[in-house]
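So the structure is just underneath, and the comments pick up after that.
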Amino acid sequence: MNNPRTRSSLRRRPLLLALSAVALLAPLTACGGSDSAAGDGKTLRLWHYEDKDGALGKAWAAAITEFKRTHPDVKVVFEQKTFDQIQQNAGMILNSDKAPDVMEYNKGNATTGLLAKQGLLTDLTSVVKDRGWDTKISDSASVTARYDKNGEMGGDTWYGVPNYGEFVLTYYNDDLFKKYHVTKPTDFAGFEAALAKFKAAGVTPLANAGNDHPAMHWLYLLALSKADQKWVDDYQRYQGKVDFHGPEMTYAVNKFKEWVDKGYFDKKDVGLKGTDMTEQFVSQKRPIMVGGNWWFGGLTTDIKDFRWSTAPYPGSRMTLGAGGNNWVVPTKAKNKKLAEDFIDITMSPKIQKLIGEEGNVPLAAKADEIANPKSRQLINAFDQDQASGGLAFYPDWPVAGYFDTWLAATQNLMNGGKTDAVLDQLAAPYEKYTATRH
């Protein structure tokens, strides 16, 4: 799923075409026909939504091959799903007899946490400890795998297992920086100076997409630049009251609007999807893109005619990021032991190394074990963010349905909406939820 022309976008990355719940409930027929032997230890039913040509798609395919090799008497019934299919219909599916044995699922309070609270996911805590997965996954990367009784992340109970990491960083077109004599920034002042110089040369500097996650990521990243860990914990984990008209969010909406007004973002980007944003970068229409490492592998494949590099966003000590999506085992799964065996394979050195070589961030492999030099750079950057407490999750996680609120709010800003109204727009569902959560 790393090809920027085809890739959908994790919790923020809906595909243009989401199949219906009816399709999800249809009899499983892929890779070997219907599953008539479910529950007898002879069939593993598996769902994920990674593109086959992306780093994770390749890794999960290799894991399936390894599973078949080590379980020669077991039939694997694999179903390719879309992110939207699972995101929108998981509760209904997992509460039926069509639940798979193991499934890739989005992490966060509104997703894995919600299903855990509803009793739809298996408690994997003892399995995680018995198989040593907890020793391979750092505490910070496992926050979104562990939930409490209220379905809130960071608890003591493991309901999922991530085996890759993700974070937001900056992508630079080095050739365009050279062409327009712009200095690569190392701090925020230099970043804004670069934006101004590109704009003065007639180049819109920042790739963006207002009808998907990129614009909301920008707004949250700007807030993080004025935030500390307490603010993140208050916002993401409800450990204190959040003032949406406080300095963090007020700065974010004002700076975002300023950049729109100055033309650093193009107002016409308001209707674009994430794949449109990456196309702006790949086609050299925009020299700077701030986006997730999930685009990295596809850029490595697609960019043939210019030099590019990555670096941390220079305006903030913290960035958006977390452990990757979870492998979960539904409560109604019929072959849970086989599901555990498959997850164990995805944590193996062979599969973890493959994730790294293909341009993603393995949680159980070190950078010096990876031959790909760009991938080593990426993994080191993620490790630094983990070690410094710099992974601040994603803006839409605290409240179910909050993605749509953030989407509408950032589109409001791009369309010239008033900043106070945008702050009120973001505050309303959050404050309503936190007032009633206990």
Give me the ring orientation class for Trp308 and Phe281: parallel if the planes are under 30° apart, tilted from 30 to 60°, perpendicular past 60°. perpendicular
Sequence neighbours left out, what passes ring-ring contact (aromatic ring centres under 6.0 Å, His included) with Phe244? Give chain and number order. Tyr430
Distance-only donor-acceptor check, side chains Thr204 and Asp266, under 3.5 Å: no
Is a side-chain donor or acceptor of Glu166 paired with a backbone partner of Ala322 at a separation under 3.5 angstrom? no
Please enumerate all residues that pass side-chain contact (heavy atoms from CB on, under 4.5 Å) together with Ser375, with sequence neighbours excluded. Phe296, Ile370, Asn372
Drop me the distance from Leu94's CG to Gln118's CD, to the nearest 0.5 angstrom. 9.5 Å
Is the closest basic N to carboxylate O distance between Asp175 and Arg307 below 4.0 Å? yes
How long is the straight-line distance from OG1 of Thr122 back to CG of Asp101, given to the nearest 0.5 Å? 10.0 Å
With ring centroids as reference points, do Trp158 and Trp133 lie under 6.0 angstrom apart? no
Do the non-hydrogen side-chain atoms of Thr319 and Leu224 ever get within less than 4.5 Å of each other? no
Going by the angle between their ring planes, with limits at 30° and 60°, are Tyr180 and Phe198 parallel, tilted or perpendicular? perpendicular
I'd like to check the ring-ring contact (aromatic ring centres under 6.0 Å, His included) partners of Trp327; sequence neighbours left out, ordered by chain and number. Trp60, Phe342
Which distance, rounded to the nearest 0.5 Å, do you find between the CG of Leu114 and the CG of Asn150? 12.0 Å
So do the side chains of Pro100 and Leu46 get within less than 4.5 Å of each other, counting heavy atoms only? no
Between Tyr394 and His213, is the ring centre distance below 6.0 Å? no
Between Asn326 and Val328 (side chain of the first, backbone of the second, donor and acceptor by atom type, cut-off under 3.5 Å), is there such a pair? no
Mark yes or no for whether Thr250, through its side chain, and Pro247, through its backbone, hold a donor-acceptor pair below 3.5 Å. no
So how far is it from Glu369 CD to Gln352 CD, rounded to the nearest 0.5 Å? 9.5 Å
According to salt bridge (Lys or Arg N to Asp or Glu O under 4.0 Å), does anything in residues 181-203 pair up with another residue at least two apart or in another chain? List the pairs. Asp174-Lys184, Glu192-Lys255
Answer whether the closest heavy-atom distance between the side chains of Trp231 and Asp234 falls below 4.5 Å. no
Those residues that, when tested against Phe191, pass ring-ring contact (aromatic ring centres under 6.0 Å, His included) (two or more places apart): Tyr313
Taking side-chain contact (heavy atoms from CB on, under 4.5 Å) as the test, write out the residues that go with Lys432, two or more places apart. none
Side chains of Asp269 and Gln280: is there a donor and an acceptor less than 3.5 Å apart? yes
Between Tyr172 and Phe177, ring centroids under 6.0 Å: yes
Pairing of Lys58 and Glu358 as salt bridge, 4.0 angstrom limit: yes
Judged by atom type as modelled, is there a donor-acceptor pair below 3.5 Å linking the side chain of Gln239 to the main-chain atoms of Lys230? no
Main-chain N/O of Asn106 paired with Thr111 side-chain donor or acceptor, under 3.5 Å: yes
What's the spacing between Tyr164 OH and Ile379 CD1 if we round to 0.5 Å? 14.5 Å
Note, Asn293 side chain near Leu169 side chain (heavy atom, < 4.5 Å): yes
Provide the closest heavy-atom pair for Pro330 versus Ala99 in the form atom of the first, atom of the second, distance. CB-CB, 4.0 Å
Sequence neighbours excluded, the answer for side chain to side chain donor-acceptor pair (under 3.5 Å) partners of Tyr105 is none
Tightest non-hydrogen contact, residues Ile351 and Ile345, listed as CG1-O, 3.3 Å
Could you grab the distance from atom CG of Leu120 to atom OH of Tyr159, nearest 0.5 Å is fine? 10.5 Å
Run the side chain to side chain donor-acceptor pair (under 3.5 Å) test against Tyr147 and tell me which residues pass, sequence neighbours left out. none
Test of understanding: with side-chain contact (heavy atoms from CB on, under 4.5 Å), list the residues that count as partners of Val143, not counting sequence neighbours. Arg146, Met153, Phe393
Audit row: Leu378, Lys374, side chain to side chain contact (heavy atoms under 4.5 Å, CB included) steps and yes/no: CA-CA 6 Å; Leu378 188 72; Lys374 278 188 176 290; over 6 Å; no
Taking side-chain contact (heavy atoms from CB on, under 4.5 Å) as the definition, give me every residue that meets it alongside Ala381, ordered by chain and number, with sequence neighbours left out. Phe167
At their closest point, which heavy atom of Lys257 faces which heavy atom of Gly417, and how far apart are they? CE-O, 3.9 Å
Looking at Lys336 and Glu340, is any side-chain nitrogen of the basic one under 4.0 Å from a carboxylate oxygen of the acidic one? no
Main chain of Glu50, side chain of Gln80: is a donor-acceptor contact present, judged purely on distance under 3.5 Å? yes
Solution key, residues 399-406 side-chain donor-acceptor pairs under 3.5 Å, sequence neighbours excluded:
residue, atom, partner, partner atom, Å
Tyr402, OH, Leu426, O, 2.6
Trp406, NE1, Tyr235, OH, 3.4
Trp406, NE1, Pro395, O, 3.3

For Asp233, enumerate each residue passing the side chain to side chain donor-acceptor pair (under 3.5 Å) test, keeping only those at least two apart in sequence or located in another chain. Gln229
So Met103 and His48, side chain to side chain contact (heavy atoms under 4.5 Å, CB included) or not? Walk me through it. CA-CA 6 Å; Met103 177 178 82; His48 74 66; over 6 Å; no
Check whether any side-chain N or O of Thr410 sits under 3.5 Å from a backbone N or O of Ala215 as a donor-acceptor pair, and report yes or no. no
